[in-house]
A.B. asks: 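Before we start, here is the structure in question, set down as structure tokens.
Only heavy atoms go into these numbers, but all of them, side chains included; no hydrogens, no water, no symmetry mates.
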2 protein chains.
Amino acid sequence: MPVSLEPRAVAELLKAFSHATRLAILQELVAGPKCVTDMEELLPARQANISQHLAVLRHARLVDYSQDGAVRCYYLCRPRLVRDVLELAGRDEPVVKRTAEEINLDKERLAKSLERKPRSKAGKPTRGGKASI
Amino acid sequence: MPVSLEPRAVAELLKAFSHATRLAILQELVAGPKCVTDMEELLPARQANISQHLAVLRHARLVDYSQDGAVRCYYLCRPRLVRDVLELAGRDEPVVKRTAEEINLDKERLAKSLERKPRSKAGKPTRGGKASI
DNA sequence: TTCGAGTATTCGATTCTTCGAATATCCTAG
DNA sequence: CTAGGATATTCGAAGAATCGAATACTCGAA
């Protein structure tokens, strides 16, 4: 149930992660705070573009900065979230292939649990009870 | 280091998550396998659109299906990944505000560790050693 | 075989994203 | 105050994503 309530907000958050340059920026910030000039050296992108991506990350509340003279030191303002997302997206889980039988078992399990607390729309009986195997 | 190697691939993966309807679909599939018709009842979207989003999720290797007669039963083919991403994006970490002092400490730490294994480009000396506080 | 239910794909139109160039803003040293 | 470095914002063009409508495909029952 965590997501079901505000999928739009969650989508917004994840969208902020979904760009190669922004991921690279976040990656760099995991290593430690950096100013825009530092990032210019580290990334294959122009200053203006980096600033634009930083603006996106700021709006998503993934980064913030502390002004140090003329320089802005960017840092992760939700470091746990960023590290965990990067870690998760980086590791690759093996893809599973499921059989019709397994799936029908799942459907039966789900049907049973719905019987107990019948919140359903009482529409047609959710096909799948018995499949023509 | 997990991400640094293929930020584009990671961005692609995360982009597949970054849409309210697709998140809702994944959410439903966490509860159990479903066919397109089931999803039509559960989501505020047309059949064609749901199929389009399922195609995106399939290309990202987040879902797959098993054909059961004329029906296609969709399921998560990397359930762990999906559950973990949904969970992560759902919980909200408090936003931290960092002070200039903390940041400079971090920078010094980073500088030290770079001294030990000097892999840097030998460019200008990465500003921040001493900031004009 | 034909039909119909279930699902996928194609096609445009609309909207969003991204980028570089140009420009504006902010800050500090002189 | 003024210049110059650092960063942000605006603008316009190019490309990508999204959606509904229409259409195509596929399977099993009759």
A.B. asks: Measure from the side-chain N and O atoms of B:Asp38 to the backbone N and O of B:Cys35, and report whether any donor-acceptor pair falls under 3.5 Å.
C.D. replies: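 Checked: pair present.
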
A.B. asks: Do any pairs count as a salt bridge (Lys or Arg N to Asp or Glu O under 4.0 Å) and have a residue in residues 22-34 of chain A, sequence neighbours left out, and if so which ones?
C.D. replies: none

A.B. asks: It should be established whether B:His53 places a side-chain nitrogen or oxygen under 4.0 Å from OP1 or OP2 of nucleotide D:dC19.
C.D. replies: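 Indeed, a polar side-chain atom of B:His53 lies that close.
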
A.B. asks: Could you pull out the protein-nucleic contacts involving nucleotides 20-24 of chain D (nitrogen or oxygen on both sides, under 3.5 Å)?
C.D. replies:
{"unit_1": "D:dG20", "atom_1": "O6", "unit_2": "B:Gln52", "atom_2": "NE2", "d": "2.9"}

A.B. asks: Output all residues satisfying side chain to side chain contact (heavy atoms under 4.5 Å, CB included) with B:Val30, sequence neighbours left out; order by chain, then residue number.
C.D. replies: B:Leu76, B:Val82, B:Arg83, B:Leu86

A.B. asks: More 5' along DNA chain D: B:Ala70 or B:Thr21, using each one's nearest nucleotide?
C.D. replies: B:Thr21

A.B. asks: Does C:dG6 have OP1 or OP2 under 4.0 Å away from a side-chain N or O of B:Tyr74?
C.D. replies: no

A.B. asks: Check step by step if side-chain contact (heavy atoms from CB on, under 4.5 Å) holds for A:His53 and A:Asn49.
C.D. replies: CA-CA 6 Å; A:His53 285 302; A:Asn49 195 10; 3.3 Å; yes

A.B. asks: Can you name the ring-ring contact (aromatic ring centres under 6.0 Å, His included) partners of A:Phe17, sequence neighbours left out?
C.D. replies: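 For A:Phe17, no residue satisfies ring-ring contact (aromatic ring centres under 6.0 Å, His included) once neighbours in sequence are set aside.
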
A.B. asks: Does a sphere of radius 6.0 Å around CZ in A:Arg98 hold more than 12 heavy atoms from other residues, nucleotides or ligands, not counting ones at 6.0 Å or beyond?
C.D. replies: yes

A.B. asks: Expressed as a whole number of angstroms, how long is the span from B:Asp68:CG to C:dG6:P?
C.D. replies: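 The answer, rounded to whole Å, is 12 Å.
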
A.B. asks: Could you tell me whether the side chain of A:Tyr75 and the main chain of B:Ile103 form a donor-acceptor pair under 3.5 Å?
C.D. replies: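 Such a contact is absent between A:Tyr75 side chain and B:Ile103 backbone.
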
A.B. asks: Mind calculating the distance between CZ (B:Arg8) and C1' (C:dT17) to the nearest angstrom?
C.D. replies: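 Value for this atom pair: 14 Å.
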
A.B. asks: May I ask you to evaluate whether B:Arg72 reaches the phosphate of D:dT26, defined as a side-chain N or O under 4.0 Å from OP1 or OP2?
C.D. replies: no

A.B. asks: Kindly compute the distance separating NZ (B:Lys107) from CG (A:Asp68), expressed to the nearest 0.5 Å.
C.D. replies: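 B:Lys107 atom NZ to A:Asp68 atom CG measures 7.0 Å (nearest 0.5 Å).
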
A.B. asks: Please determine whether a side-chain nitrogen or oxygen atom of A:His19 lies at a distance below 4.0 Å from atom OP1 or OP2 of C:dC19.
C.D. replies: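 Result: yes.
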
A.B. asks: Please state how far atom CD1 in B:Ile50 lies from atom P in D:dT18, giving the value in whole angstrom units.
C.D. replies: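 Distance check: B:Ile50 CD1 to D:dT18 P gives 15 Å.
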
A.B. asks: Applying side chain to side chain donor-acceptor pair (under 3.5 Å), can you list everything that pairs with A:Thr21, at least two apart in sequence or on another chain?
C.D. replies: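 Side chain to side chain donor-acceptor pair (under 3.5 Å) list for A:Thr21, sorted by chain: empty.
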
A.B. asks: Are B:Arg8 and B:Glu12 close enough for a salt bridge, meaning some N to O gap below 4.0 Å?
C.D. replies: no

A.B. asks: Calculate the interatomic distance between B:His59 atom NE2 and D:dT18 atom C1'; express it in whole Å.
C.D. replies: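 Checked: the NE2 to C1' distance equals 16 Å.
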
A.B. asks: What is the separation between atom CG on A:Leu54 and atom P on D:dT9, rounded to the nearest whole Å?
C.D. replies: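 A:Leu54 atom CG is separated from D:dT9 atom P by 11 Å.
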
A.B. asks: How close or far is atom P of D:dG5 from atom CD of A:Glu40, stated in whole angstroms?
C.D. replies: 13 Å

A.B. asks: Hey, which sits more toward the 5' end of DNA chain D by its nearest nucleotide, A:Arg58 or B:Glu12?
C.D. replies: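 Its nearest nucleotide lies further toward 5', so the answer is A:Arg58.
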
A.B. asks: Would you kindly give the CD1-to-C1' distance between A:Ile25 and D:dA8, to the nearest whole Å?
C.D. replies: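 To the nearest whole Å, that distance equals 14 Å.
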
A.B. asks: Could you list all N or O pairs between the protein and nucleotides 14-16 of chain C that sit under 3.5 Å apart?
C.D. replies:
none

A.B. asks: In whole Å, I'd like the distance from the CZ atom of A:Phe17 to the P atom of C:dT17.
C.D. replies: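 The distance from CZ of A:Phe17 to P of C:dT17 comes to 17 Å, rounded to the nearest Å.
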
A.B. asks: Does OP1 or OP2 of D:dT26 have a side-chain N or O of B:Tyr65 closer than 4.0 Å?
C.D. replies: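 No.
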
